[in-house]
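The model shown is predicted, which means the values in this text are computed figures rather than measured ones. To find a chain, count down the sequence lines: A is the first, B the second, and so on, and within it residues start at 1. As a basis for the values below, the full set of heavy atoms in this structure was taken, side chains included, without hydrogen atoms, waters or symmetry mates.
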Amino acid sequence: MTNKLILIDGNSIAYRAFFALPLLNNDKGVHTNAVYGFTTMLLKILEEENPTHMLVAFDAGKTTFRHKTYEAYKGGRQKTPPELSEQLPILRELLDAFNISHYELPLYEADDIIGTLARKGEQANWEVKVISGDRDLLQLVSERVTVALTKKGITNVETYTPEYMKEKMEISPEQVIDLKALMGDSSDNIPGVPGVGEKTAVKLLKQFTTLENVFANVQEVSGKKLKEKLETHQEDAFMSKELVTIHVDTPIETTIEQIGYQGYDVMKLNQLFRDLGFHSLINRIEGEEDKKQVEDTLPDLHVTIVDQVEESMLANHTALVIEMLGENYHEASIVGISIAHDKGVYFIPADVALQSSVLKQWLEDEKQKKMVFDAKKATVLMKRHGIDIKGIDFDLLIASYLINPAESHHDIPSISHRLGETSIRYDEEVYGKGAKLQVPEQDALSDHIARKAHIVNKLKQTVVQQLKDNDQWELYHDLELPLTLILADMEHTGVSVDVDRLKGMGEGLQKRLAQIQQNIYELAGETFNLNSPKQLGPILFEKLQLPVIKKTKTGYSTSADVLEQLEDKHPIISEILLYRQLGKLQSTYIEGLLKVVDDTGKIHTRFNQALTQTGRLSSTEPNLQNIPIRLEEGRKIRQAFIPSQKGWKLFAADYSQIELRVLAHIANDEKLIQAFNDHEDIHTKTAMDVFHVEKDQVTDQMRRQAKAVNFGIVYGISDFGLSQSLGITRKEAKTFIDRYLQSYPGVQTYMDDIVQDAKQKGYVTTLMNRRRYLPDITSRNFNRRSFAERTAMNTPIQGTAADIIKKAMIDLYYTLAEEQLEARMLLQVHDELIIEAPEHELDTLKELVANVMEQTVSLHVPLVVDYAFGDTWYDAK
DNA sequence: CTGCGCACGC
DNA sequence: GACGTACGTGCGCAGT
């Protein structure tokens, strides 16, 4: 077997990774994106290439021997961003853990080290592969040396052999240098011959083969201008050649034999990945038996496995973890319960726990305080088993989310590791994932779950202190914690669904879909998979020759906005649009909902209270926050949502323009406040102010545009986003936004101030002190910075609206209880609450619900709530 | 199993 | 000039 040598251009790959990936942070605030990208690439190479020898070359410093030839070499190049520089030492640490040699040499560039070693490998008859993002390296390609260049992203590469180069670039590896010498390279400040680009350079080299030959026969060059340019800049060209030529005789101290690759250090790598927060990469490290070593390194925790719950095991202020397998706590079963307090840690197997009246009594005792992770999950799980858990006064999940919603993993092990408590493994390591998900044998299970309870107990103080330091204690204690119990109630109650009605709609849709599909196949002249944009594209844009409006990464775009522009060009288009619309209803809403109805005809969604960056809730399995309403056809889905009891109605109450009212309040804009106090139609008012016209002069078109601008303000979209939604140019969109801000100077001031504030503090807050960190607000990358700026303007608006409706839910929940009404909340859809109630309570509710919602906070503008009721959700409009 | 294109809501 | 652009969830497809 021949040896295989892999040579990596360290700086180039780190650069690529840095710009290809979002600026990730680990829990210590260190940027890790370049290291992460580098790591994925290394893992891929090791998995795919099986190298016997390997080395990563780095540039040694700013000055190189090339600067002697040409002082301005690489002049004008942007300084390496500090966010990247700080990652380079980590990168070296990473390579050490991988046991991969790395090397740098004063005055030489990584290219030269690679070139030298590549030639040595070649002479030894080894297989050599060079990996870089720099096309200059292509000059090294030969029969034994291939060069892989990164394409988009970081793990995608394009591998060049001599044949592939001929085919793709029409030149040979030797000619790469001459090509560069003619073209120059602005990023390295290499002059080349002005006016000669890639096309001309290739043409010249095809004709004359080498640079020397071009100048030797310059008289034969066609084109007077070109000839002149070549003659004037001959010297530049030859100097450029010198600059781009990679040195293959660099005086390096290492030999290729010394850089053998023997495999990585599993322990070191594991530890490093954990430190860096690369949890997803840990299971790509090979060696199952080595995993055991990590296991063994966890400090012992003494756990008592309980076969009968005794009162002596239970105490006030106890951490409680109820563990289940899988995500959906409406159907999953409990695998075990652990409790931890200052006197001990216990594991109670599921069957023991559920049969114990001692435990039940303790769980239901309000005075016995419990600390948990995810109170909602624990509450719903216990409700399903007839236990009404009370006395939860700490929820680690909610606390962690409030401290930093941007953390992507709010599970006990992740939070624990972030806070420096590493004596627990990740769920994925214990349970596996996907199809391999399973409960381990009891010792491992009880140990893991017990550790969770132990950690909840241990971390409580730290987390509470963080909340207090952030001035978020009230947000946590008076808003999110009560809310989570209310949500548990709503989820457990569920919404009733008229299954027959859904099925009926499904049958009707099925017939129509079949017919439309038939029509489309006839219009297309062939059958294909209509649900595949990849197959639809060629039919529309090649076979039917329709104009291409937009492309996606993988082919033609066939999205609705594209198709709408083609609607009058071919009858097939409107059929496709209809097919898509109905197909969506069928698959997502009819079939999707039917799949999750339980045997009592109810649907139980799960509200995720610890996910969105703004403080809103989200809803899953099913998502009941995106049931169709805009188009009549879809809206009919709502007819399938019904009250759970005969003689009851659904009652829906929604805030009118809550975000714009919040904006008026936060920005304290006189005109906007006035508009709401006068109960004006806000979009018409905006149109009057933006277009400087009187009310009776506002056209539908103007109102529509004003509405889109308001929408943009509320959602923090860019001029680009606004231009898309209005079908106008970016410039026009920008004009609209500017005129809006001129009309509402208070808003303008708010926008300026909040961005400044965010820059200074690093985060923005809402009315109730919800936080969102915006590390990108000081980024030198325009896109990242702009996005962060829009987020700074938008999050306080959306987040405050979220705060308000959450508070309203709490107020309403307790008011309904106090008034001893049977009415109960079922759903929340961001600015709207869905309630079910017996008919005789409706008159009370009309007064009470709107009142509670409107009075929950007091702003500089009134909050206005509209409501409606009916026999189905559809009718509550 | 994952990423993509698409579509639904606020 | 920056080439990607509110927040979410879920579906089917296609490639691994």
Side-chain angles (χ1 to χ4, degrees), chain A residues 19 22 48 78 152-153 155-156 280 405 433-436 528-537 550-563 576-577 579-593 595-596 605-608 611-631 633-635 637-638 654-655 657-659 711-725 730 733 772 776 779-795 797-799 801-802 805 827-832:
Chain A
F19 288 107
E48 290 178 1
Q78 286 269 322
K152 274 199 168 167
T155 50
N156 255 339
S280 63
K433 65 166 184 175
K436 280 188 236 145
F528 58 99
N529 187 339
L530 195 38
N531 288 320
S532 163
K534 207 186 155 208
Q535 294 184 36
L536 177 62
K550 200 162 75 178
K551 288 201 144 205
T552 66
K553 278 183 218 174
T554 49
Y556 306 105
S557 169
T558 66
S559 62
D561 64 309
V562 168
L563 296 185
I576 294 169
L577 283 166
Y579 180 88
R580 285 252 178 95
Q581 189 200 327
L582 302 183
K584 174 78 179 175
L585 294 180
Q586 182 77 310
S587 68
T588 303
Y589 296 106
I590 304 281
E591 290 167 2
L593 287 175
K595 251 185 260 171
V596 292
T605 186
R606 270 147 43 233
F607 290 107
N608 196 334
L611 185 138
T612 69
Q613 301 304 301
T614 54
R616 279 185 172 184
L617 302 175
S618 76
S619 155
T620 52
E621 260 188 283
N623 180 354
L624 293 183
Q625 292 183 320
N626 73 342
I627 303 301
I629 189 164
R630 247 183 53 247
L631 301 171
E633 198 97 46
R635 191 173 198 155
I637 298 284
R638 294 180 174 227
D654 70 288
Y655 281 109
Q657 305 295 350
I658 185 163
E659 282 97 350
F711 180 84
I713 298 287
V714 165
Y715 288 125
I717 61 173
S718 57
D719 50 3
F720 178 89
L722 182 63
S723 73
Q724 291 289 301
S725 68
R730 226 168 111 165
R772 183 170 186 182
D776 280 354
S779 169
R780 272 151 300 278
N781 178 310
F782 174 83
N783 286 323
R784 287 202 183 142
R785 192 177 61 249
S786 306
F787 187 39
E789 287 171 358
R790 294 204 304 276
T791 307
M793 304 178 208
N794 165 248
T795 296
I797 303 174
Q798 260 210 47
I805 191 161
L827 297 173
Q828 186 250 48
V829 191
H830 308 309
D831 63 354
E832 148 179 55

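Going from atom CG of A:Leu617 over to atom P of C:dC7 covers 17 Å, rounded to whole Å. One interatomic measurement links the two molecules: CG of A:Leu722 to C1' of C:dG4, which rounds to 16 Å at whole-angstrom precision. Atoms CG (A:Asp719) and C1' (C:dA2) sit 13 Å apart, rounded to a whole Å. Here the P atom of nucleotide C:dG8 and the OH atom of A:Tyr715 are 13 Å apart, to the nearest Å. Atom-to-atom, CZ of A:Phe720 to P of C:dA2 comes out at 12 Å; the value is rounded to the nearest Å. Whole-Å rounding puts the A:Ile797 CD1 to C:dA6 P distance at 15 Å. Residue A:Asn781 contributes atom CG, which lies 11 Å from atom C1' of C:dC3 at whole-angstrom precision. When rounded to the nearest whole Å, the span between CG of A:Leu827 and P of C:dG8 equals 20 Å.
The two atoms that bring A:Ala733 and A:Leu722 nearest to each other are O-CD2, 3.7 Å, heavy atoms only. Of all heavy-atom pairs between A:Tyr589 and A:Asn626, the closest is OH-O, 2.6 Å.
Put simply, the side chain of A:Arg730 and the base of C:dG4 share a donor and an acceptor less than 3.5 Å apart.
At a threshold of 4.0 angstrom between heavy atoms, the contacts of A:Thr791 with the nucleic acid are absent. Nucleic acid contact for A:Gln613: sugar-phosphate only, since backbone atoms but no base atoms lie under 4.0 Å from a heavy atom of the residue. Within the nucleic acid shown, A:Phe787 comes within 4.0 Å of sugar-phosphate atoms alone, with no base atom in reach, counting heavy atoms only. Across all strands shown, A:Ser557 has heavy atoms under 4.0 Å from sugar-phosphate atoms exclusively, and none from any base. At the heavy-atom level, A:Ile629 lies under 4.0 Å from the strands shown only through sugar-phosphate atoms.
With sequence neighbours excluded, the residues that form a side-chain contact (heavy atoms from CB on, under 4.5 Å) with A:Gln581 are A:Leu578, A:Leu631, A:Glu633. Residues satisfying the side-chain contact (heavy atoms from CB on, under 4.5 Å) criterion with A:Thr791, sequence neighbours excluded, are A:Arg772, A:Leu774, A:Phe787, A:Thr795.
For B:dC6 and C:dT5, the P atoms lie 14 Å apart once the distance is rounded to whole Å. B:dC10 and C:dG4 have their P atoms separated by 30 Å, given to the nearest Å. Distance check on atom C1': B:dA7 versus C:dA2 gives 30 Å, rounded to whole Å.
When DNA chain B is scanned 5' to 3' for any atom under 4.0 Å from a heavy atom of chain A, the first and last hits are B:dC1 to B:dC10.
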Canonical and wobble pairing (Watson-Crick, G-U, under 3.5 Å) of DNA chain C, dot-bracket with |: ......|||||||||.

Let me have a per-nucleotide readout for nucleotides 10-16 of chain C, 5' to 3', with B, S or -, counting only protein heavy atoms under 4.0 Å. BSSSSS-

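A:Ser779 and A:Asn781 form no side-chain donor-acceptor contact under 3.5 Å, judged by distance and modelled atom types alone.
Looking at A:Gln798, its side chain never comes within 3.5 Å of a backbone N or O of A:Glu659 through a donor-acceptor pair. Between the side chain of A:Ser786 and the backbone N or O of A:Glu789 there is no donor-acceptor pair closer than 3.5 Å. At distances below 3.5 Å, at least one donor-acceptor pair connects side-chain atoms of A:Gln613 with backbone N or O atoms of A:Pro405. Checked by atom type and distance alone, the side chain of A:Thr612 pairs as donor or acceptor with a backbone atom of A:Gly615 at under 3.5 Å. A donor-acceptor pair under 3.5 Å links the side-chain atoms of A:Arg790 to the main chain of A:Gly716, judged by distance alone.
Residue A:Arg616 places none of its side-chain N or O atoms closer than 4.0 Å to OP1 or OP2 of C:dC7. Here A:Ser618 reaches the OP1 or OP2 of C:dT9: one of its side-chain N or O atoms lies under 4.0 Å away.
For the pair A:Leu617 and A:Gln625, the minimum side-chain heavy-atom distance is below 4.5 Å.
A salt bridge (charged side-chain N to carboxylate O under 4.0 Å, His left out) check over residues 617-630 of chain A, counting only residues at least two apart or in different chains, returns the pairs A:Arg606-A:Glu621.
Separating the CG atom in A:Leu536 from the CG atom in A:Leu563 is a distance of 7.0 Å, to the nearest 0.5 Å.
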